[in-house]
Amino acid sequence: MLYSPCKLRHLQKDTDEKNTSREDDDTSAEDNTREGSFKKRKFLPKELKEKFACARPSGKQVKDFNHHITAELEKLAAAYKSKKDTWRALGYQKAISAIRNYPRPITSREEALSIRGVGGRLADKVAEIVESGKLRKVAEVCEDEEAQTLQRFMGVWGAGPTTAHGWYIQGYRTLEDLREKGNLTRHQQIGLKYYDDINSRIPREEVAEIENYVRSAAHGIKKGLIVMVCGSYRRGRATCGDVDVLVTHPDGQSHETVFQPLLNKLRETGFLTDDLVTQEDNGNQKKYLGVCKLPGEGQKYRRLDVIVVPYCEFAPAAMYFTGSAHFNR
DNA sequence: TACCAGGGTAC
DNA sequence: GTACCC
DNA sequence: GGTA
Ligand SMILES: O=c1ccn([C@H]2C[C@H](O)[C@@H](COP(=O)(O)OP(=O)(O)OP(=O)(O)O)O2)c(=O)[nH]1
Ligand SMILES: [Mg+2]
């Protein structure tokens, strides 16, 4: 990420057709009813409160009113992605993101259609789920052996549709096949080793523990370091796929020297168990991707991403790293 | 019908 | 160059 | 898949 003003331009424009909410919130410009009680600003025009998620109180937890719908659509999105039907998968993903952040339960095809990113065909599917609780298309597309195997293989970190298909046509069907016969890159070996843990969601309470662990290590290296978890955690999700840690320092200088020492410190204590990408440079940003585990019995292995950025890029880096991916795109 | 973000590393 | 990832 |  370059964090140039140019890159950020689209974030501030066309607010009324592209939705201003980071979680990509709900819908198109018109419907959006939501009380929104800003005590200090009684004069805030009602249209604004209805139009902008940022003008409404967020409350503490991010709700997931339409989980039954997004869970079903997720299955199709994943299946299309595994079949390399990229753009169809993107369409599904955008709709899922919009529905996930729609602020109340959807009860009709028309209501679904009012959401930006949900067109006629997806609205039909939403309606079917609302009425029957499931989608016949899922059985059709996702439940044969090939589809299920591709999904299984793509759960290996570092394996995408091409690799999964390659393993499939070599006759592999199980993770055990991969372990004993498969040709795996270093990333994929790690992904397979921790398959179950990496594919488990992380409760946000545990993410907070990991944040504190990294913060303690950071403060042992340099006083004043800012350690902030971004990603789905910062967007308020109850569970997260991984932990995205942003590190910076208000002196505007220290970011240059903390990256490797911080990682080394986390390695020494055994917190970092495996490295995926030890250093990825982008402008002044440094990024680490790896696997970690909190001390103590029964802790799972978790995917950890760390970026270290100069303080002057703190805000845009936090924006990028908080996402969602859909919002950034 | 054209387009769907923009950047990086591993192989 | 391609595959995969953030 | 959806949007323009
Ligand atoms: O293709 C991508 C993927 C990620 N990001 C940014 C936004 C995202 O929020 C952040 C962290 O990525 P991650 O994959 O961890 O996404 P997440 O939003 O944290 O979701 P999850 O709960 O799956 O980790 O990096 C992008 O800009 N583009
Ligand atoms: Mg994340």
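Because the structure is a prediction, the values reported are computed rather than measured. Chain letters run A, B, ... following the sequence lines, proteins first, then strands; residues in each count from 1.
Remark: A:Glu131 does not engage A:Arg109 in a salt bridge, criterion side-chain N to carboxylate O under 4.0 Å.
With B:dA5, C:dC4, C:dC6 as the choices, the nucleotide that has an atom nearest any side-chain atom of A:Pro161 turns out to be C:dC4. Here the nucleotide nearest the side chain of A:Trp157, chosen from C:dA3, B:dA10, C:dC6, is C:dC6. Listed candidates were B:dT9, C:dA3, B:dA5. Nearest to the side chain of A:Val277 is B:dT9. For A:Arg121, counting side-chain heavy atoms from C-beta on, the closest listed nucleotide (B:dC4, D:dG2, D:dA4) is D:dG2. The listed nucleotides are B:dT9, D:dG2, C:dC6; the one nearest the side chain of A:Leu122 is D:dG2.
Distance CD (A:Glu280) to P (C:dC5): 13 Å, rounded to an integer number of Å. Per the geometry, CD belonging to A:Gln188 stands 14 Å off P belonging to B:dA10, to the nearest Å. In this structure, the CD atom of A:Gln279 is 18 Å from the P atom of C:dC6, given to the nearest Å. Taking atom CZ on A:Phe259 and atom C1' on B:dG8, their separation rounds to 13 Å, with Å as the unit.
Here A:Tyr213 and A:Phe271 bring their ring centres to under 6.0 angstrom of each other. The ring of A:Phe65 has its center no closer than 6.0 angstrom to the ring center of A:Tyr102.
A donor-acceptor pair under 3.5 Å links the side-chain atoms of A:Gln188 to the main chain of A:Gly158, judged by distance alone. Within the 3.5 Å criterion, the main-chain N or O of A:Leu225 finds a donor-acceptor partner in the side chain of A:His219. The main-chain N or O of A:Val309 is found under 3.5 Å from a side-chain atom of A:Thr248 such that the two form a donor-acceptor pair.
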Report task. Please report the C-alpha distance between A:Leu304 and A:Ile210 in whole Å, then the side-chain angles of each, then the deciding distance to 0.1 Å, and finally whether the side-chain contact (heavy atoms from CB on, under 4.5 Å) criterion is met. Result -> CA-CA 9 Å; A:Leu304 177 73; A:Ile210 291 172; 4.2 Å; yes
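A heavy atom closer than 4.0 Å to some atom of DNA chain D occurs in A:Lys125, these being the qualifying members of residues 124-149 of chain A. Near DNA chain B, defined here as any heavy-atom distance below 4.0 Å, the residues from residues 170-186 of chain A are A:Thr185, A:Arg186, listed numerically.
Evaluation of the salt bridge (charged side-chain N to carboxylate O under 4.0 Å, His left out) rule for A:Asp197 yields no partner, not counting sequence neighbours.
Between atom CG of residue A:Asp242 and atom CZ of residue A:Arg302 there is a gap of 10.5 Å, rounded to the nearest 0.5 Å.
Looking at heavy-atom distances under 4.0 Å, A:Asp244 makes contact with sugar-phosphate atoms alone, never a base. Here A:Ala325 lies out of heavy-atom contact (under 4.0 Å) with every strand. Nucleic acid contact class of A:Thr163 (heavy atoms, under 4.0 Å, all strands): sugar-phosphate only.
By the 5.5 Å and 30° criteria, A:Phe321 is not stacked with the base of C:dC6.
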